[in-house]
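Read through the structure below, which is laid out as structure tokens, and then see the notes.
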There are 2 protein chains.
Amino acid sequence: MRGRDHPAGTLTATSNVTHAPRRPRRSALSVQRTTLADVAASAGVSVSTASLAFSGSGPIAEATRARVLQAAQELGYAGPNPLGRQLRRGRSGIVGVIMGDALRRAFRDPVAVQVLDGLTATLGPLGLGVLLIPGPDDASQPAVDPLLSSAAMDVAVQMWGGTSDDPVLEMLRRRGTPAVLVEGTPQPDVAAVGIDDHGGMAELARHVLDLGHTRIATVTLPFDRERAEGPADAGRLAQLSWEITRRRLSGLTDAGVSPTVVYETPASLVENGAAAGRALLSGPDRPTAVVCQSDLLASGVVLAARELGLRVPQDVSVAGFDGLDLPWLAPDVLTSVAQPLAEKGAAIGQAVEDLLAGRMPEPRVLPVQLRVGTTTGPVPPDA
Amino acid sequence: MRGRDHPAGTLTATSNVTHAPRRPRRSALSVQRTTLADVAASAGVSVSTASLAFSGSGPIAEATRARVLQAAQELGYAGPNPLGRQLRRGRSGIVGVIMGDALRRAFRDPVAVQVLDGLTATLGPLGLGVLLIPGPDDASQPAVDPLLSSAAMDVAVQMWGGTSDDPVLEMLRRRGTPAVLVEGTPQPDVAAVGIDDHGGMAELARHVLDLGHTRIATVTLPFDRERAEGPADAGRLAQLSWEITRRRLSGLTDAGVSPTVVYETPASLVENGAAAGRALLSGPDRPTAVVCQSDLLASGVVLAARELGLRVPQDVSVAGFDGLDLPWLAPDVLTSVAQPLAEKGAAIGQAVEDLLAGRMPEPRVLPVQLRVGTTTGPVPPDA
DNA sequence: ATGAAAGCGCTAACAG
DNA sequence: CTGTTAGCGCTTTCAT
């Protein structure tokens, strides 16, 4: 009883006798929208019955339903106002998807796009919609998008999520919004979907080692919100906070590769790979193999190699991660580790469904597969 | 005066004596969420004052606000529940964006992505979020996504929208949702943003004509939801219902080009362009120039030409539309008509803002610019 | 099968 | 500057 008791006599006094009858103020956009009450009145039934006619839940005589629908038709009523329904049900039907990056970059990454596609395909039939929430742009921007703190959403999905003290996760916890973390650090209160980054990268590493390479450089995904660019020294390596980057890197080193250079990029795009490629391949002591943490980065390195007149794989081997189809790299086919992107999206969708049903789903780790293309070959004899 | 609690004796007649006190049923997800009323009680102020403390609208003593915020902090209250706020305000803060295609395809189109990026950049500061709504996949699917009829949104944006009897627009009208139509047929009740397709394509046509070409084929965007593929005969041409396709086509013909073939594609993607290119360039009497309605289609044609051993532009000229940066086509640079993509997104955002303010914005037609690259050249002497 | 009542959580108009 | 009151539009018991 949150404070609204009145002494008996006061009721009339405090009641709205003194208030002039208020004109309901409406949006300028819509002239007095029709409500379910209007429809019910017009059909000569109660609001609750009219509600039944639309929701289909609960018993209602076919004739009555028809009458209600008829009345709705006549009044141009397009169905229950979602806002009222949402408040009543305590559900918005919205899944917030926090992209792993600023949208302009995120959408250029086929990995993000294909996962998002798989996700929407799963969510659509559930009647759930996707609200796009931009991820961290760079460290100069606020850490969490305002939408994250104010938008209505039943569940949030963080695409390649961050660390355990990630401000995004903090905010979601505060709001009590259940979350699915994709490619992040597992946490007890958050559902997790990921792939076997470590295993996949280790397999790729063994492939490259088997070819005889020893001077192997690696080009990585961003380390953190700083998004630095260039070779990472020990100090910088210690700061590596993005889990996906860390796991792929440790897959490589755990398989026995000691990279000559760990080259950090600010984003997983072709141009960043090209920049890395130019830096790595134009100096002295260039590596005979460059293992990249994404296909986009790898294709940039291939482009840079071509630019520098180096033959792939005769002069330098290049490998990526993700297993994208990159026809424009033709005639080359990238050696890569394929991850099941659509399945990943579907798995996220299932996790969302579970959370909505009040269940915490088991962490999912999807398998990956080494796919040898034409961009890796034996170490050059003169190297 | 609906159902508050009153001192036992007074209102017993009208009150719910017969009703057992109900346990409020909550989502299984959240254990009894804190509300503004709880915070207000804890801070010793009224709910409305507490509301003021959060919204910042209206006068409130600094000390009071601090006390409320403090109480919120202690109770772990993350701010007003958006559902309640939305119902009360009659606004959801959501802009539904109906993509021009199934998401998996839409996201592969840099045009859609860059416009979407420009749009979100404008909408973000306005506190508006983007709800993704898939567009029509093909004719076998339902014409409008269920989200369109049930999701809460204040405004809808239809990306390269359809015809005047478009089922999407019909639905939005029924719901009374204001809409922005991008690249569609102008309509009195809908805001319009587009580019000068006709003029741009005409300019491109003149460029090609000036180079001496006469056997000119054109590769077009989809005609309608059917998404047929192949040369369009007169009958098919009469069915052309997507405005953007029509305008770009008429820009070409109005400039004096009579295409040898009008080749319709099911989507604006590289592979569709490649398929068209193979079809157009491998037969006899092949055109000396192929003018495409998008850069993605054009780059597919270039790839097909290379595949067939044809030199671009010595053997065949290829032109596109959009002005995308396609580095992987290197060393070629596509001749194209550049459209201002980010500005387009921003213009859409402004239209949304206007509609929300109850104003119908003037139709916007953004300028385009011919950009001559390396893929168009003089007609081959032997042709 | 239908109706009455309650109330989801919030903001805004108004009075003081 | 603060509190009171009303009610956004709907769904859901519960009683009939």
Side-chain angles (χ1 to χ4, degrees), chain A residues 2-6 10-11 13-27 32-40 43-65 67-68 77 79-92 152, chain B residues 1-5 14-27 33-40 43-65 67-68 77 79-92 152:
Chain A
R2 324 200 191 99
R4 32 170 76 103
D5 301 48
H6 310 284
T10 37
L11 197 58
T14 62
S15 170
N16 58 350
V17 267
T18 51
H19 292 236
R22 307 239 185 88
R23 287 285 92 243
R25 16 76 300 156
R26 299 274 186 168
S27 145
Q32 180 72 12
R33 297 223 53 82
T34 320
T35 73
L36 190 56
D38 300 330
V39 174
V45 299
S46 72
V47 233
S48 44
T49 302
S51 175
L52 259 33
F54 285 100
S55 72
S57 66
I60 183 173
E62 194 44 58
T64 317
R65 149 185 269 121
R67 199 144 39 86
V68 173
Y77 180 75
N81 180 329
L83 261 27
R85 181 198 294 253
Q86 287 172 15
L87 175 58
R88 179 59 231 238
R89 296 214 178 138
R91 287 269 167 100
S92 63
Chain B
M1 194 95 298
R2 316 185 262 166
R4 301 284 151 72
D5 298 64
T14 61
S15 181
N16 56 351
V17 265
T18 49
H19 291 238
R22 308 238 185 88
R23 285 286 92 243
R25 14 75 304 152
R26 298 275 185 170
S27 146
R33 298 220 52 80
T34 320
T35 73
L36 190 56
D38 300 330
V39 175
V45 299
S46 72
V47 227
S48 47
T49 301
S51 176
L52 258 32
F54 285 99
S55 72
S57 65
I60 183 171
E62 195 43 58
T64 318
R65 146 186 271 121
R67 199 143 39 86
V68 173
Y77 181 75
N81 180 329
L83 263 27
R85 178 197 294 249
Q86 286 172 16
L87 176 59
R88 178 61 233 236
R89 296 230 247 237
R91 287 268 168 101
S92 62

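Excluded from the calculations below are hydrogen atoms, water molecules and symmetry mates; all remaining heavy atoms, backbone and side chain alike, are included.
- B:Ser92 meets the side-chain hydrogen bond (donor to acceptor under 3.5 Å, both in side chains) test with B:Asp154; sequence neighbours excluded.
- Residues passing the salt bridge (charged side-chain N to carboxylate O under 4.0 Å, His left out) test with A:Arg65 are A:Glu62, sequence neighbours excluded.
- Residue B:Arg65 is the one, among B:Arg65 and B:Gly84, whose nearest nucleotide of DNA chain D lies closer to the 5' end (criterion: closest heavy atom).
- Nearest to the side chain of B:Ser46, among D:dG3, C:dT11, C:dT2, sits D:dG3.
- Per the geometry, CZ belonging to A:Arg85 stands 21 Å off P belonging to C:dC10, to the nearest Å.
- Distance from the side chain of B:Asn81 is smallest to C:dG9 among C:dG9, D:dT2, C:dA1.
- For DNA chain D, the residues of residues 47-56 of chain B within the heavy-atom distance limit of 4.0 Å (strictly under) are B:Ser48, B:Thr49, sorted by number.
- B:Gln86 approaches A:Ala152 most closely through the heavy-atom pair NE2-CB, 3.6 Å.
- Between the CG atom in B:Leu36 and the OG1 atom in B:Thr49 there is a gap of 10.0 Å [rounded to 0.5 Å].
- Here D:dC8 presents its P atom at 18 Å from CD of A:Gln86, a figure rounded to the nearest Å.
- Here the P atom of nucleotide D:dT11 and the CG atom of B:Leu83 are 13 Å apart, to the nearest Å.
- In this structure, CZ on A:Arg88 lies 9.5 Å from OG on A:Ser51, to the nearest 0.5 angstrom.
- Using a 4.5 Å cut-off on side-chain heavy atoms (C-beta onward), B:Asn81 and B:Arg33 make no contact.
- Rounded to a whole Å, the CZ atom of B:Arg89 is 22 Å from the P atom of D:dA6.
- Proximity of A:Thr64 to the phosphate of C:dT2: a side-chain N or O atom is located under 4.0 Å from OP1 or OP2.
- A search for side-chain hydrogen bond (donor to acceptor under 3.5 Å, both in side chains) contacts involving B:Thr64 returns nothing, not counting sequence neighbours.
- Distances were taken from every side-chain heavy atom of A:Val45 (C-beta onward) to each of C:dA12, C:dG3, C:dC8; the shortest belongs to C:dG3.
- A:Pro80 comes within 4.0 angstrom of the backbone, heavy atoms only, and of no base.
- Atom CZ in A:Arg91 sits roughly 24 Å away from atom P in D:dG9 (whole-Å rounding).
- When the nucleotides C:dT11, C:dC10, C:dT2 are ranked by their closest atom to the side chain of B:Tyr77, C:dC10 comes out on top.
- In this structure, the side chain to side chain contact (heavy atoms under 4.5 Å, CB included) partners of A:Leu87, at least two apart in sequence or on a different chain, are B:Leu83, B:Leu87.
- From one end of the helix from C:dA1-D:dT16 to C:dG16-D:dC1 to the other, with five pairs defining each end axis, the axis direction shifts by 30° (rounded to 10°).
- Nearest approach of B:Thr35 to B:Tyr77, heavy atoms of both residues: C-CE1, 3.6 Å.
- Residue A:Ile60 is classed as a sugar-phosphate contact, given heavy-atom separations below 4.0 Å to backbone atoms only.
- Following rounding to the nearest Å, A:Arg88 (CZ) and C:dA5 (C1') show an atom-to-atom distance of 11 Å.
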